[in-house]
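Notes to accompany the following structure.
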Amino acid sequence: MAPDRAPGLAECARALADGEVSAREVVERALARIEATQPTLNAFRLVRAEAALAEADAADKELAAGMRRPLLGVPVAVKDDMDVAGEPTAFGCRGDHLPVAEDGEAVRRLREAGAIVIGKTNTCELGQWPFTEGPAFGITRNPWHREHTPGGSSGGSAAAVAAGLVPAALGSDGAGSVRIPAGWTHLIGIKPQRGRISTWPRPESFHGITVNGTLARTVADAALLLDAASGNHDGDLHRPSALRVSDAVGREPGRLRIALSLKPPFTALPARLDPVVRERVVALAERLAALGHTVEEAEPRYGQIGLTFIPRATAGLAERVRAAPFPDLLDRRTRGAARLGRLLGGAPLRVARRAEATLHRRIGALFETYDVLLAPTTAAPPPRIGSMVNLNGFGTDRAMIAACPYAWPWNILGWPGVNVPAGFVGEGLPVGAQLLGPADSEPLLVSLAAQLEADQRWHERWPPHESAADSAVA
């Protein structure tokens, strides 16, 4: 295994189980990569160096005794909105946050599978924006082009995986926050069915629009991490039937009917698909057709779905702000959105949640004709660092919707989606496309994504090596 880049998740687990390498060696190499890139990429908010090494030594004892678990001794990262016992959960906010007492359920399940949580990755304040910058932790940069953002809000997780610091990472997705950074860093990003990965200690997150998901370089690794983290706490509000998604990776998807959707869903602010992104998504559609699938342009009946998103998102934000230990340190945009959320948290929120069943029927009608929906993940390539961080609330919303109008409807629906790489534009900037399905369709989406991966070989391409080196940004 090359020391300067993390092996894949499955490859690392196999090498550990076969005794080719020790968990201590794997963790030491990961820590060295993180330390070398932290001044430039800044993917991590917190690194658990001492604890991770101790856990690696414990894993080596288990391995030597013949014990086997799916991810025994494998280092992974989690986004800093997830609780790791003994560490603070700052969620992108300023202040000296206290350590939490217990692992969140998703982290607990990763540990049960044998994984070592090597650190917590950067995220914008309370996960609101498609960039990962802020006064709490600085700037997280895109390994493919360090003057551009890796996206957000799971930008730290995406940067860490894309640069080869760790094999895979957990993120969370409330309006595309796994899929957008996956698209902008040339990764697989799985947003699973709501409840597939627990959000406990919260019964649900942001009134059901936010779910935990996985980022990896290959479909198999993203599915493996998904299976390891999946499952429910007794307190979860959403408890889908169990699935083993990894089993779908090597399964032929069959000849599918695929709808290509290029129009952004209705938003109150303008959004237009950049022609260079359109070209890459259409090229991916053509490859799907060449693989034997029927691909036709068709649009879901989204209607004014955005009216149901705003109350859920802002009311959820208001709850987070109310619980924040240092509210005076929050961004002015955060406080403004929370004020709106307090206004919308009563009757408008109840109406928005009741509308979900109607949206399921209306948008789900597409899947009576088609098996999968293919859409751009974003409308534009990754923006430059700093282009959104100093805008006011309206300016940020405008820029955010212009760049990222495609991902959020699936958060309202609670259904699965998978970002797949769609190629590069301009100065070598990655863009992505979404494979979207109805409830519990992760196996189908993963099977199709794996078929595309075998054809396109995305994972064989790495960022320029100097992006992961310990050189300073000019």
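Owing to the predicted nature of the structure, the values given are computational and were not obtained by experimental measurement.
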TODO: Check R312, R353, R194 against E204 for a salt bridge (charged side-chain N to carboxylate O under 4.0 Å, His left out) and give me the one that passes.
DONE: R353
Task: Positive for salt bridge (charged side-chain N to carboxylate O under 4.0 Å, His left out) with D103, one of R111, R109, R108 - done: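 Filter result, single survivor: R111.
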So, the side chain of [X] versus the backbone of [Y]: is there a donor-acceptor pair under 3.5 Å, distance only?
X    : Y    : value
N232 : H238 : yes
S387 : R384 : yes
E442 : P192 : no
S154 : S177 : yes
H186 : W458 : yes
E105 : W200 : no
T123 : S153 : yes
K120 : P88  : yes
R68  : A17  : yes
R217 : P7   : no

Do [X] and [Y] come close enough that some side-chain heavy atom pair is under 4.5 Å?
X    : Y    : value
E453 : H459 : yes
F424 : L429 : no
V78  : L110 : yes
V245 : D227 : yes
T214 : V178 : no
R24  : D57  : yes
F131 : I385 : no
R141 : T132 : no

Task: Over all atoms of both residues, closest heavy-atom pair of S172 and M82 - done: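 For S172 and M82, the tightest heavy-atom pair comes out as N-CE, 4.4 Å.
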TODO: State, to 0.1 Å, how close A407 and A175 come at their nearest heavy-atom pair, and which atoms those are.
DONE: CB-O, 3.6 Å
Open item on the list: Nearest 0.5 Å, please: how far is NE2 in H148 from OG1 in T185?
Closed with: 14.0 Å
TODO: Kindly confirm or rule out a cation-pi arrangement of R333 over F394, judged by NZ or CZ under 6.0 Å from the six-membered ring centre and within 45° of its axis?
DONE: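 Verdict for F394: no cation-pi partner in R333.
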Open item on the list: Taking ring pair (Phe, Tyr, Trp, His ring centres under 6.0 Å) as the criterion, tell me which of W408, F206, W410 meets it with F309.
Closed with: W408
Side-chain ion pair, [X] and [Y], N-O less than 4.0 Å:
X    : Y    : value
R48  : E87  : yes
R14  : D18  : yes
K191 : D173 : no

Open item on the list: Within the supplied structure, the quantity of interest is the number of heavy atoms (other residues, nucleotides, ligands) at a distance under 6.0 Å from E460 CD; does it exceed 12?
Closed with: yes
Open item on the list: So for atom CZ, which belongs to R320, do other residues, nucleotides or ligands contribute more than 12 heavy atoms lying within a distance under 6.0 Å?
Closed with: yes
- [ ] Would you mind telling me which of D221, V446, V219, T218 makes a side-chain contact (heavy atoms from CB on, under 4.5 Å) with I188?
- [x] V219
Open item on the list: Among N419, T377, T378, N411, exactly one meets side chain to side chain donor-acceptor pair (under 3.5 Å) together with R179. Which residue is that?
Closed with: N411
TODO: Determine whether the aromatic ring centres of H360 and W415 lie less than 6.0 Å apart.
DONE: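 Under 6.0 Å, so yes.
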- [ ] May I ask you to check whether F91 and H97 place their ring centres under 6.0 Å from each other?
- [x] no
